[in-house]
Participant: 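Before I ask anything, let me first share the structure, which is written out below as structure tokens.
Values in this document were obtained by computation on a predicted structure and should not be read as measured data. The figures that follow rest on heavy atoms only: side chains count, while hydrogens, waters and symmetry mates do not.
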Amino acid sequence: MLLEQVWEYISAHPISCFFTVLIIYIIHITLKPLNRVRRLGDVGLFFGKPELKGVYRERQLERLKLLRRVGEMPPVFPNGWYCVCESEKLEKNQIMEITILGQFLSLIRSESGAVYITDSYCPHIGANFNIGGRVVRDNCIQCPFHGWIFSAETGKCVEVPYDEGRIPEQAKVTTWPCIERNQNIYIWYHCDGAEPEWEIPEISEITEGIWKLGGRTEHEVMCHIQEIPENGADIAHLNYLHKSAPPITKGSDIIKTDLSDPQPAVQHVWDGKWEVKSDEDKHCGVMHLNQYMTIWGYRVPLTGSKLIAEQHGPGIVHMIFDFGIWGKGVVFQTVTPEEPLLQRVRFRIFSNIPWFFVKFFMTVEAMQFERDVFVWSNKKYLKSPLLVRNDGPIQKHRRWYSQFYTENSPRMLKDGSLSNQAKSIFDW
């Protein structure tokens, strides 16, 4: 009866119902936090004109990987902390497959909420915990093949369900150091087996619930990991590659965008510097950046922001923003080396800033970042770049970044293989 009445009303008022649904949908999209995800090939690569589609696009992507000149690169997996997951994406009693350092690992959340990381393969006969494995006994993982149970904390086998004899000492799965902080989960890696050498700062405004998650972006980038944080020291590129606001019709595509216009109608004005934080915090580099927008040369009120971006190690940046009357917040930029030349870059904003300003800011920030993706995905790494005085402290940044490499750091060989495999510090 009710359905018949609803249908009669819709039949009698189709236009009103259409616009009502449309308005509800627009409100939903507008209020929903930004979740902009770009996979490898979605942005940053040229697929011909007219653009290749389907299987031809996939073939061109493989061809680009094969023929690209990468240069004489540094080691591909620096020592440090790396983000492997956002906290809300890992539920209790869940095993999640993660890709990091050129291999699959298993990320586990226990029944009590603690997080652990282990190798993915059972030492019994080699079954994969990520495919059918279960969390049992709070913080243990059970192999899907024969039911062997391992502690996710120590890695030791605690039960062979069909054998009451002594458990072999070799029945152990490798574990990796990890920590959950600022609603992200991080793994520690060091090629020489060293314990964590610094802590990831905790942002009290997030812990206390003052700043809320306002949106996220995620990109897969085909480049060496060092290229991305080096941007912070490359001050000169800001007033060329990022000078103009992204055109609505062309987005972030630098092939279609005229970057040479000395006075674009809508312009970002940047002023920044990069430096090492201190001798005590030598793992931390800091960029100070002031920015505002102009339209036809006139400064737009309420568009200014002050940024202090602290880079903690090779793959974590805390961008502390002050937007004046709009509020304050932090953007986490995390770079995770999944493969030698494949980085997963996440941006997440926590703030007390109005939702509409957060969405606008994160969208524009993502489009500007995607301009860099076009460059990184196609450039060659130059060990000795030809620099001029106003390029910024690029070489200073490289010297600072080199502290995260040692003699044992894995390098990519000419055939694409690694000089040595990354392993847990508990394997030493």
Participant: Tell me if a side-chain donor or acceptor on Gln403 pairs with a main-chain N or O of Trp400 at a distance below 3.5 Å.
Facilitator: yes
Participant: Looking only at the side chains, is there a donor atom on one of Trp188 and Asn79 sitting less than 3.5 Å from an acceptor on the other?
Facilitator: no
Participant: Could you work out, with ring-ring contact (aromatic ring centres under 6.0 Å, His included) as the rule, every residue matching His318, not counting sequence neighbours?
Facilitator: His312, Phe332
Participant: Using atom types as modelled and distance alone, determine if a side-chain donor or acceptor of Arg216 lies under 3.5 Å from a backbone N or O of Glu86.
Facilitator: no
Participant: Going by the rule salt bridge (charged side-chain N to carboxylate O under 4.0 Å, His left out), which residues pair with Lys380 if we only count those two or more places apart in sequence or in a different chain?
Facilitator: none
Participant: Apply side-chain contact (heavy atoms from CB on, under 4.5 Å) to residues Ile98 and Ile185 and explain how you reach the verdict.
Facilitator: CA-CA 11 Å; Ile98 56 174; Ile185 300 171; over 6 Å; no
Participant: Which pairs pass salt bridge (Lys or Arg N to Asp or Glu O under 4.0 Å) with one or both residues in residues 299-312, sequence neighbours excluded?
Facilitator: Lys277-Glu310
Participant: Taking salt bridge (Lys or Arg N to Asp or Glu O under 4.0 Å) as the cut-off, I'd like each qualifying pair that reaches into residues 314-330, sequence neighbours left out, listed once.
Facilitator: none
Participant: For Asp281, which residues count as a side chain to side chain donor-acceptor pair (under 3.5 Å) partner, sequence neighbours excluded?
Facilitator: none
Participant: Would you indicate whether the side-chain heavy atoms of Ile425 and Pro177 approach each other to under 4.5 Å?
Facilitator: yes
Participant: Has the side chain of His224 got a donor or acceptor atom that lies under 3.5 Å from a matching backbone atom of Pro74?
Facilitator: yes
Participant: Can you check whether Arg371's main-chain N or O pairs, donor with acceptor, with Ser252's side chain at less than 3.5 Å?
Facilitator: no
Participant: Look at Glu275 together with Lys396 and state whether they make a salt bridge at an N to O cut-off of under 4.0 Å.
Facilitator: no
Participant: Can you confirm whether the side chains of Asn182 and Asn184 place a donor and an acceptor under 3.5 Å from each other?
Facilitator: no
Participant: Does His237 use its side chain to pair, donor to acceptor, with the backbone of Asp391 at less than 3.5 Å?
Facilitator: no
Participant: Look at the side chain of Arg57 and the backbone N and O of Gly41, then say whether any donor-acceptor pair between them is shorter than 3.5 Å.
Facilitator: yes
Participant: Strictly by modelled atom types, are Ser417 and Asp415 linked by a side-chain donor-acceptor pair under 3.5 Å?
Facilitator: yes
Participant: Can you tell me if His242 and Gln368 form a side-chain donor-acceptor pair at under 3.5 Å?
Facilitator: yes
Participant: Go through the structure and list residues passing ring-ring contact (aromatic ring centres under 6.0 Å, His included) with Trp376, not counting sequence neighbours.
Facilitator: Phe369
Participant: Backbone N or O of Lys282 within a donor-acceptor pair of the Trp198 side chain at under 3.5 Å?
Facilitator: no
Participant: Take Ser112 and Asn139 through the side-chain contact (heavy atoms from CB on, under 4.5 Å) test and state the conclusion after the steps.
Facilitator: CA-CA 8 Å; Ser112 57; Asn139 65 348; 6.0 Å; no
Participant: Quick one: ring-ring contact (aromatic ring centres under 6.0 Å, His included) pairs with a partner in residues 38-73, sequence neighbours left out?
Facilitator: none
Participant: For the pair Glu339 and Val76, evaluate side-chain contact (heavy atoms from CB on, under 4.5 Å) and give the outcome as yes or no after the intermediate values.
Facilitator: CA-CA 8 Å; Glu339 300 175 20; Val76 291; over 6 Å; no
Participant: Just to verify, what does Glu72 make a salt bridge (charged side-chain N to carboxylate O under 4.0 Å, His left out) with, not counting sequence neighbours?
Facilitator: Lys383
Participant: Mind checking what makes salt bridge (charged side-chain N to carboxylate O under 4.0 Å, His left out) contact with Arg411, not counting sequence neighbours?
Facilitator: none
Participant: Does any pair with a residue in residues 98-112 pass salt bridge (Lys or Arg N to Asp or Glu O under 4.0 Å), and if so which ones, sequence neighbours excluded?
Facilitator: Arg109-Glu180
Participant: Go through Glu91 and Met96 one step at a time and tell me if the side-chain contact (heavy atoms from CB on, under 4.5 Å) criterion holds.
Facilitator: CA-CA 9 Å; Glu91 300 178 356; Met96 175 186 291; over 6 Å; no
Participant: Nearest 0.5 Å, what's the CH2-NZ distance between Trp428 and Lys423?
Facilitator: 4.5 Å
Participant: Hydrogens and angles aside, do Tyr405 and Gln226 bring a side-chain donor and acceptor to less than 3.5 Å of each other?
Facilitator: yes
Participant: Does the ring center of Phe357 lie less than 6.0 Å from the ring center of Trp326?
Facilitator: yes
Participant: With sequence neighbours left out, what residues match Glu338 under salt bridge (charged side-chain N to carboxylate O under 4.0 Å, His left out)?
Facilitator: Arg344
Participant: Ignoring hydrogens and angles, tell me if any N or O in the side chain of Thr336 forms a donor-acceptor pair with the backbone of Cys83 under 3.5 Å.
Facilitator: yes
Participant: Please collect all salt bridge (Lys or Arg N to Asp or Glu O under 4.0 Å) contacts where either partner lies in residues 197-212, sequence neighbours excluded, each pair once.
Facilitator: Arg181-Glu199
Participant: Is there a donor-acceptor pair under 3.5 Å between the side chain of Gln60 and the backbone N or O of Glu62?
Facilitator: no
Participant: Does any N or O in the side chain of Ser402 come within less than 3.5 Å of the main-chain N or O of Arg399, such that one atom is a donor and the other an acceptor?
Facilitator: yes
